[in-house]
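Reviewing the structure listed below.
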2 protein chains.
Amino acid sequence: MFSRTVEYALRAIVQLAYMAPQGATTGQISVATKVPEPYLRKVLQALRRAELVTSQRGASGGVRLNRDAEELTILDVVNAVDPIERIDRCPLDLKSHGVRLCPLHARMDRALQGIEQAFRETTLAEILAEPTLSTPLCETPDEHVSCTRDVTSP
Amino acid sequence: MFSRTVEYALRAIVQLAYMAPQGATTGQISVATKVPEPYLRKVLQALRRAELVTSQRGASGGVRLNRDAEELTILDVVNAVDPIERIDRCPLDLKSHGVRLCPLHARMDRALQGIEQAFRETTLAEILAEPTLSTPLCETPDEHVSCTRDVTSP
DNA sequence: TCCAAAGTGGACATTGACATCCTATTTCCC
DNA sequence: GGGAAATAGGATGTCAATGTCCACTTTGGA
């Protein structure tokens, strides 16, 4: 349902927010999110073009969030890499269905609208703050398993 | 977001329900739904294997619905050709996220759940009965444009 | 009985998403 | 200035979804 690219982009952004604001290298994000590094690079490029992240070349470079976690929604990320395509006109090109969709496509679009809305209402900050046993994308801290935070610490 | 196959399957089923219960040939459905006939055949085979439709070979054969429109939901059709894959375990295979998903994937799964529920609650009968200007998949009758019903009439 | 209509199923082509690799280019630090 | 670290971006490979085609089977009717 969601493309691999969307899944990867969300993982990367969440991971980045989690270790914000210092940023991280592509390699570090790749390890933490289990996304193949070459692919992750392309995903991050798309996020950079959408200006959700900034990047710094060269030694001690890396990627970092370009916005506060409160201002970044899931929808922003999804739209940056693989926009949700709402059904805004009849896929059959029936002339009489100009603006009004037929009942079938109206229902389908309503489902898409639901996703869009849910994603628009969810900020990164909410995801990070969610009270749960599972830290986003990481092993639970109480097990003292290596998580991405550790990568940057000596 | 929705695969082509899902779109085609839904068109076919709605069209079939609309001209039920006599049924129709693949060619007729193809014309009415603007789905390429060779592809439509494969989609209909999947629907037949899922026992949503029955088919009759030979002259004066064709395809027809195997259930009442009241008993057939959008979800049935979607699941027959391209099932919605809920996220029921951590995509990163983190052991500590066994049953509980991390906040990110929990949100994503909730979005999928929303679609699933919307589709489960929508029957074909509701789509056909919906009070709207646009007949499902067809030009509006008030324009007297050819629709699928006409195909079977002399 | 034979033909035409219609679905069945497998083989084949095309396309786009997914994934990887290699060569720049930039930057820091010695 | 030179080398190591890191991103940028184009070229290429792989595979599943999409789309097409053909030979076969079934069936009703002339």
Inset, instruction - Output yes when a side-chain donor or acceptor of A:Glu71 lies under 3.5 Å from a complementary backbone atom of A:Asp68, and no otherwise. - result: no
Testing C:dA19, C:dG7, D:dT7 for proximity to the side chain of A:Thr26, the answer is D:dT7
To the nearest angstrom, the CG-P distance between A:Leu44 and D:dG9 comes to 13 Å
Contact list (N/O, under 3.5 angstrom) for nucleotides 22-26 of chain C vs protein:
from, atom 1, to, atom 2, distance (Å)
C:dC22, N4, A:Arg41, NH2, 3.4
C:dT25, O2, A:Arg57, NH1, 3.3
C:dT26, O4', A:Arg57, NH1, 3.1
C:dT26, O2, A:Gly58, N, 3.3

Taken to the nearest whole Å, NZ/A:Lys42 to P/C:dA19 is 11 Å
*Answer yes or no: does a side-chain N or O of A:Arg4 lie under 4.0 Å from OP1 or OP2 of C:dA19?*
yes
Sorted by chain and residue number, the side chain to side chain donor-acceptor pair (under 3.5 Å) partners of A:Asp82 (sequence neighbours excluded) come out as A:Ser3
Query raised in the report: So do B:Met108 and A:Met1 actually touch side chain to side chain, heavy atoms under 4.5 Å?
Result: no
In this structure, OG1 of B:Thr122 is separated from CZ of A:Arg107 (nearest 0.5 Å) by 4.5 Å
With a 4.5 Å cut-off on side-chain heavy atoms, are A:Thr73 and A:Val78 touching? no
**Asked** Any donor-acceptor pair under 3.5 Å linking the side chain of A:Ser30 with the backbone of A:Val35?
**Response** yes
Atom CG of A:Leu16 and atom C1' of D:dT7 are separated, to the nearest Å, by 14 Å
Rounded to whole Å, CD of A:Glu37 lies from C1' of C:dC21 at a distance of 12 Å
Nearest heavy-atom contact between A:Leu75 and A:Arg120 is CD2-NH1, 3.6 Å
Among the nucleotides D:dG19, D:dG9, C:dG7, whichever has the atom closest to the side chain of B:Thr25 is C:dG7
Any side-chain N or O of A:Thr5 below 4.0 angstrom from OP1/OP2 of C:dA17? no
Which of C:dG7, C:dC28, D:dG19 is nearest the side chain of A:Ser60? It is C:dC28
Whole-Å distance, B:Leu40 CG to C:dG9 P, equals 15 Å
Among C:dG9, D:dA8, D:dT7, the one nearest any side-chain atom of B:Arg49 is C:dG9
Give one of base, sugar-phosphate or nothing for B:Pro36, where a contact means two heavy atoms less than 4.0 Å apart.
-> sugar-phosphate
When rounded to whole Å, the CD to C1' distance for the pair B:Gln45 and D:dG19 reads 14 Å
note: A:Ile29, atom CD1; D:dT7, atom C1'; distance rounded to Å ~ 12 Å
From CZ of B:Arg64 across to P of C:dG7 the rounded distance in Å is 13 Å
Q.
Determine whether a donor-acceptor pair (N or O, by modelled atom type, separation under 3.5 Å) exists between the side chain of B:Asp109 and the backbone of B:Ala106.
A. no
Discussion item. Is the phosphate of D:dA17 approached by B:Tyr39 (side-chain N or O, under 4.0 Å from OP1 or OP2)?
Written reply: no
Q: Report yes if a side-chain nitrogen or oxygen of B:Ser3 is closer than 4.0 Å to either non-bridging phosphate oxygen (OP1 or OP2) of D:dA17; otherwise report no.
A: no
Categorize B:Gly27 for me: base, sugar-phosphate, or nothing, with a 4.0 angstrom heavy-atom threshold over every strand shown.
nothing
